[in-house]
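Below is one structure, written out as structure tokens; comments come after it.
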Amino acid sequence: MEYNFLRIEEKWQKYWIQNNIYKTDIDASKPKYYVLDMFPYPSGAGLHVGHPLGYIASDIYSRYKTLRGFNVLHPMGYDAFGLPAEQYAIETGQHPEITTEKNIKRYREQLNKLGFSFDWSREVKTCSPHYYKWTQWAFIKMFDSYYCNQAQQARPISELIEIFAQKGTQNLNLACSKELHFTAEEWQAYSEKEQQEILMNYRIAYLADTMVNWCADLGTVLANDEVVNGLSVRGGYPVEQRKMRQWSLRVSAYAQRLLDGLETIEWSESIKETQKNWIGRSEGAEIKFQLHPNTDADSLVVFTTRADTIFGVTFMALAPESEYVAKVATPEQKSAVDEYIAATRKRTERERIADRKISGVFSGGYAINPFSGEKVPIWISDYVLAGYGTGAIMAVPAHDSRDYAFAKHFGLPIIPLIEGCDVSDESFDAKEGIMINSGFLNGLTVPEAIKKAKEYISDNALGVIKVNYRLRDAIFSRQRYWGEPFPIYYKDGMPYAIPEDELPVILPEVDKFLPTETGEPPLGRAKNRTYKGLPFELNTMPGFAGSSAYYLRYMDPHNEEALVSKDANEYWRDVDLYVGGTEHATGHLIYSRFWNKFLYDLGIVVEQEPFKKLVNQGMIQGCSSFVYRINGTNTFVSYGLKDKYATTELHVDVNIVNNNILDVKRFKMWKPEYETAEFILENGEYRCGWCVEKMSKSLYNVVNPDDIVVTYGADTLRLYEMFLGPLEQSKPWDTKGIDGVHRFLRKFWRLFHHGDTFYISDEAPTAAELKILHKTIKKVRSDIESFSFNTSVSAFMICVNELTDLKCNKKAILEPLTIILSPFAPHIAEELWHLAGNATSIVKASFPEYDDNLLIENSFEYPISFNGKTRFKMEFPLDADPELIKERVTADPQTQKFMSDKQLKKIIVVKGKIINIVLSN
RNA sequence: GCGGAUAUGACGUAAUUGGUAGCCGUACUAGAUUUAGGAUCUAGUGUCGAAAGGCGUGUGGGUUCGAGUCCCUCUAUCCGCACCA
């Protein structure tokens with residue numbers, strides 16, 4: 001019987017479902033292993049061959065771990081809230097829930113065809129009220145918590161209220177939006193509303209007027225990771241900075257722990273580096289500069305990492321948005337300052353990035369250098385960022401390229417501070433050299449000077465030593481429909497949380513999904529929607545809300561009493577292996593870690609880090625094909641002849657191209673306009689051009705896994721995607737090689753079939769056959785453990801080639817082989833396993849052990865080299881006495897030919913093998 | 001500008017981690033079989049050379065008996081951050 005993959009795959013997929021083969025429960029008798037894929041957003045386009053790459057890898061690993069005796073949790077679900085479904089709803093009027101359900105169904109069908117071992121009983125959907133109840137619940141917990149910097153921990157806000165009532169803000173070190181100071185008496189005298197406003201300053205989920213990324217075209221604000229180069233990641237619309245009252249999460253409070261945690265997890269260096277950059281820790285000092293003339297004793301605080309360069313400060317610079325501007329600007333300069341600020345406000349961030357023109361205005365005010373006592377002018381310029389540090393800097397043009405450019409432009413003085421540096425053309429930014437012109441710092445090296453200057457600052461109370469982070473709080477509200485509603489209502493203009501036992505707050509029906517350009521959320525259209533007569537929050541939560549704790553929900557997905565039960569969490573703990581793309585490095589993977597740490601602080605979860613090991617699969621790119629139309633005609637010229645004509649390059653559907661040869665008949669049928677197309681061929685064929693680019697519908701290079709499954713089967717697709725190259729590398733999809741992998745499966749099948757009948761022998765295997773088997777077990781096992789799935793596939797091919805040469809169809813070889821193949825090609829393995837007489841699923845088998853003794857060679861062909869150059873080989877038994885080998889080698893006529901008059905210097909022996917014989921010259 | 005990664009036949013890749021470079025698969029060549037093949041099987045395939053042999057892992061150098069692998073230089077490509085003081 002030929003290898004009928006369609007019949008086999010259908011049969012076993014049905015069997016697995018009917019017998020609940022992949023259902024997982026807590027089992028204290030086995031060690032747990034949690035394998036997680038980044039759950040997909042179910043888009044309307046369905047899956048292409050690139051999507052399952054990571055799922056296949058994680059499935060192989062899950063199946064392997066199961067065979068190794070682990071209790072494996074391997075769930076799947078959908079990140080179902082989000083913009084595309086909503087955009088589609090706006091266009092068609094169709095409710096996003098309907099399109100989302102439809103897409104989910106399609107995804108599920110496609111995934112099932114690939115033979116994954118997901119436990120579907122644990123499926124989660126972020127848009128389901130049973131799920132988002134817990135997203136809302138976590139939000140309330142954040143609303144009801146503050147962050148204590150001393151304890152480095154989130155704590156209940158009720159505790160903070162008590163502290164305020166007892167001793168005010170004295171000796172507190174809290175994460176906050178703004179430093180506040182009050183006494184216990186003052187606290188008690190505040191009104192309810194005033195107290196709520198103060199608490200808002202400390203809540204981990206807080207409402208505040210903040211500068212946000214406003215995207216008018218999407219009608220919503222966006223988080224920093226959703227904006228690239230001043231454009232929205234989704235849609236590419238311009239984004240401007242606006243002050244709006246928005247919910248935020250105090251992620252910045254966790255900056256140091258997010259940084260430290262990276263040292264404890266097995267992630268790739270590059271993604272850890274990306275997160276380190278994003279968190280952006282920098283050590284420095286905040287220095288106070290007195291204003292001159294001394295207006296109401298206020299001082300200007302700046303942040304710097306280069307306290308050593310303070311003697312070179314020749315001006316100060318403020319961000320245009322800075323609160324200092326109003327305090328510093330003199331009446332004479334006021335109109336110029338106002339004009340400048342109005343001009344910068346008009347420019348979007350994108351414009352500011354696009355043309356970095358140097359601009360600025362003198363404020364009229366001065367500051368006093370606390371080290372030298374000198375008076376320096378205060379300028380206002382948009383090269384200073386309002387959002388970083390204090391929004392004000394001390395400018396040292398000699399040693400900072402931005403300050404240098406500004407000083408040159410406005411003719412401000414430049415004082416070099418490092419011996420021998422030349423600042424006539426550019427600044428000297430390097431942190432090396434000996435200090436000059438720097439008072440008591442003269443003669444020190446830069447690192448010494450930084451240290452000494454910092455000591456001087458704290459000893460003389462000129463400022464504080466401080467660590468700054470680039471990481472911002474996450475803006476958490478979106479003026480959109482298709483997201484989690486906030487469990488918040490307003491009383492007296494202040495937000496209050498809905499009681500936990502009244503969750504979830506259901507997403508209401510509305511007649512139109514469109515947001516307004518001014519930022520009125522669509523939930524405002526819902527009728528009769530109040531909480532005990534009080535208005536609800538109308539914003540919804542962003543996409544990352546639902547994906548931040550989904551890995552916890554899988555542990556206990558049907559629990560209505562808790563996000564996850566204590567028992568389930570203590571058993572499953574954390575994700576052992578997380579597989580997904582790098583695109584979430586500064587979004588989901590930061591937010592999830594933050595969310596988890598917050599829940600850890602509250603004692604809800606037992607692990608500090610959610611994802612122990614992270615593997616980033618590469619992208620599978622498309623391989624586009626082109627045809628060349630002669631301009632102004634409907635004639636197409638083959639690739640090799642195209643330069644003789646003026647042609648236009650057009651994308652052509654890769655599914656009607658084979659090995660770069662166009663199927664001319666199908667091309668004519670592809671689009672009506674090509675029906676009458678004519679062709680100029682070379683050697684009777686039409687050759688297409690090609691290139692590698694993103695796999696996308698519009699480029700006609702999408703390969704649908706369903707098509708591959710029909711022609712080759714899911715097992716071939718799985719093996720082939722792994723065989724394509726290392727998992728973490730991006731690579732183009734190229735259907736050319738798939739035949740080779742398919743051939744391997746057929747060969748394997750035929751090995752155990754005689755004509756149409758299954759045929760295996762009960763004979764005992766020979767030493768040679770056992771060696772092949774054990775070699776393969778060993779190789780496959782170590783390859784899976786190091787995620788080198790491509791080389792394991794090669795190992796299988798070699799194994800089958802060798803067994804075919806020996807015509808070995810023995811049961812004792814077949815059974816272990818099918819087991820180790822089953823993670824890769826579960827259907828064919830299961831079929832052969834049953835044909836061999838096993839009644840239970842191969843999933844219940846255990847991964848065979850290998851015997852190293854069977855692998856040891858009893859002789860070895862030693863390379864005999866002279867001064868590094870291999871000249872010939874000699875065969876010796878493995879455990880031969882080195883002295884004996886030496887004797888035989890030196891006596892060998894071939895050796896003597898090379899030795900001539902030279903002396904034998906030494907014999908290099910590695911692991912009992914002669915590697916080289918060295919002669920003196 | 002700062003940081004990370006990568007570079008091996010015509011192509012995708014492999015190399016016991018410092019020890020016979022090119023496994024496996026494509027593609028290609030020749031042959032067998034078949035009514036036919038986009039099926040199957042056999043042999044060959046880094047490069048120069050008739051052969052002996054030489055040369056070969058982006059560039060140039062170094063360490064070593066021995067380097068794709070370790071160190072330094074340069075080049076190219078990809079990725080992250082970027083007016084972050």
Side-chain angles (χ1 to χ4, degrees), chain A residues 2 228-229 268-282 284 302-307 309 317 319 352-353 356 358 381-385 387-396 399-403 405-406 429 468-472 582-583 585-586 616 618 658-659 661 719-720 723-726 728-741 743-744 746-747 750 778-779 782 788 790-801 804 855 860-870 872-873 905-911 913-920:
Chain A
E2 259 305 292
V228 172
N229 290 332
S268 71
E269 275 317 305
S270 70
I271 206 150
K272 281 189 190 178
E273 204 55 43
T274 302
Q275 290 213 340
K276 281 181 199 163
N277 281 340
W278 190 258
I279 296 167
R281 178 190 158 102
S282 62
V302 300
F303 176 77
T304 183
T305 54
R306 294 293 301 274
T309 62
R352 272 163 76 157
I353 292 166
R356 282 186 189 167
I358 296 162
S381 173
D382 65 2
Y383 86 91
V384 181
L385 302 176
Y388 185 75
T390 61
I393 60 156
M394 59 176 222
V396 185
H399 302 289
D400 182 285
S401 54
R402 296 152 301 176
D403 298 344
F406 192 85
D429 292 11
N468 248 324
Y469 300 90
R470 204 186 72 94
L471 185 70
R472 307 280 74 160
T582 48
E583 66 273 18
T586 55
N616 299 115
N658 197 342
N659 282 344
I661 307 295
L719 280 163
Y720 184 57
F723 184 67
L724 225 39
E728 313 209 353
Q729 225 169 70
S730 285
K731 53 234 158 184
W733 174 266
D734 179 4
T735 316
K736 263 182 261 164
I738 200 165
D739 288 305
V741 173
R743 214 167 282 150
F744 149 71
R746 277 212 308 263
K747 222 168 161 179
R750 276 204 309 268
K778 185 178 181 180
K779 173 83 175 142
S782 74
S788 309
N790 53 332
T791 50
S792 357
V793 180
S794 297
F796 282 126
M797 292 178 170
I798 295 167
C799 171
V800 167
N801 285 345
T804 305
L855 303 180
F860 184 79
E861 234 188 340
Y862 294 92
I864 307 298
S865 314
F866 295 88
N867 291 340
K869 201 148 279 184
T870 302
F872 57 90
K873 291 171 196 166
K905 206 159 101 188
K906 59 176 166 174
I907 298 180
I908 313 289
V909 180
V910 175
K911 289 179 208 158
K913 294 176 184 173
I914 292 185
I915 295 303
N916 200 359
I917 293 168
V918 187
L919 304 181
S920 61

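What you are looking at is a predicted structure, and each value in this text was computed from that prediction instead of being measured. Convention: sequence-line order gives letters A, B, ...; per-chain numbering from 1.
Going from atom NZ of Lys747(A) over to atom P of A39(B) covers 14 Å, rounded to whole Å. As a whole-Å value, the separation of Phe744(A) CZ from C41(B) P is 14 Å.
Arg743(A) is linked by a salt bridge (charged side-chain N to carboxylate O under 4.0 Å, His left out) to nothing, counting only residues two or more places apart in sequence or in another chain. Looking at residues two or more places apart in sequence or on another chain, you find a side chain to side chain contact (heavy atoms under 4.5 Å, CB included) between Thr804(A) and Lys747(A), Leu751(A), Val800(A). In this view, Ile798(A) and Glu802(A) satisfy the side chain to side chain contact (heavy atoms under 4.5 Å, CB included) rule, not counting sequence neighbours. For Lys272(A), there are no salt bridge (charged side-chain N to carboxylate O under 4.0 Å, His left out) partners, not counting sequence neighbours. Under the side chain to side chain contact (heavy atoms under 4.5 Å, CB included) criterion, Asp400(A) pairs with Arg402(A), Asp403(A), sequence neighbours left out.
Of the possible donor and acceptor atoms, one in the side chain of Lys731(A) sits under 3.5 Å from a partner among the backbone N and O of Pro726(A).
The glycosidic torsion of G38(B) lies more than 90° away from 0, which places this base in the anti conformation. Base orientation at U17(B) is syn, since its O4'-C1' glycosidic dihedral falls within 90° of 0.
Counting any heavy atom pair closer than 4.0 Å across all strands shown, Asn790(A) reaches sugar-phosphate atoms only and no base atom. Counting any heavy atom pair closer than 4.0 Å across all strands shown, Leu724(A) reaches sugar-phosphate atoms only and no base atom. Among the heavy atoms of the strands, none lies under 4.0 Å from Arg281(A).
Residue Arg470(A) places no side-chain N or O under 4.0 Å from the OP1 or OP2 atom of G80(B). Note on Tyr383(A): every side-chain N or O is 4.0 Å or more away from OP1 and OP2 of A85(B). Phosphate contact (OP1/OP2 of U40(B), side-chain N/O of Arg750(A), threshold under 4.0 Å): absent. The shortest distance between the side-chain N/O atoms of Thr582(A) and the OP1/OP2 oxygens of G80(B) is not below 4.0 Å.
Listed candidates were A85(B), A39(B), C24(B). Nearest to the side chain of Asp400(A) is A85(B). Each of G25(B), C83(B), A14(B) was ranked by its minimum atom distance to the side chain of Pro726(A); first place goes to A14(B).
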Distances under 3.5 Å between nitrogen or oxygen atoms of protein and nucleotides 2-7 of chain B:
{"from": "G3(B)", "atom 1": "O2'", "to": "Glu273(A)", "atom 2": "OE2", "distance (Å)": "3.1"}

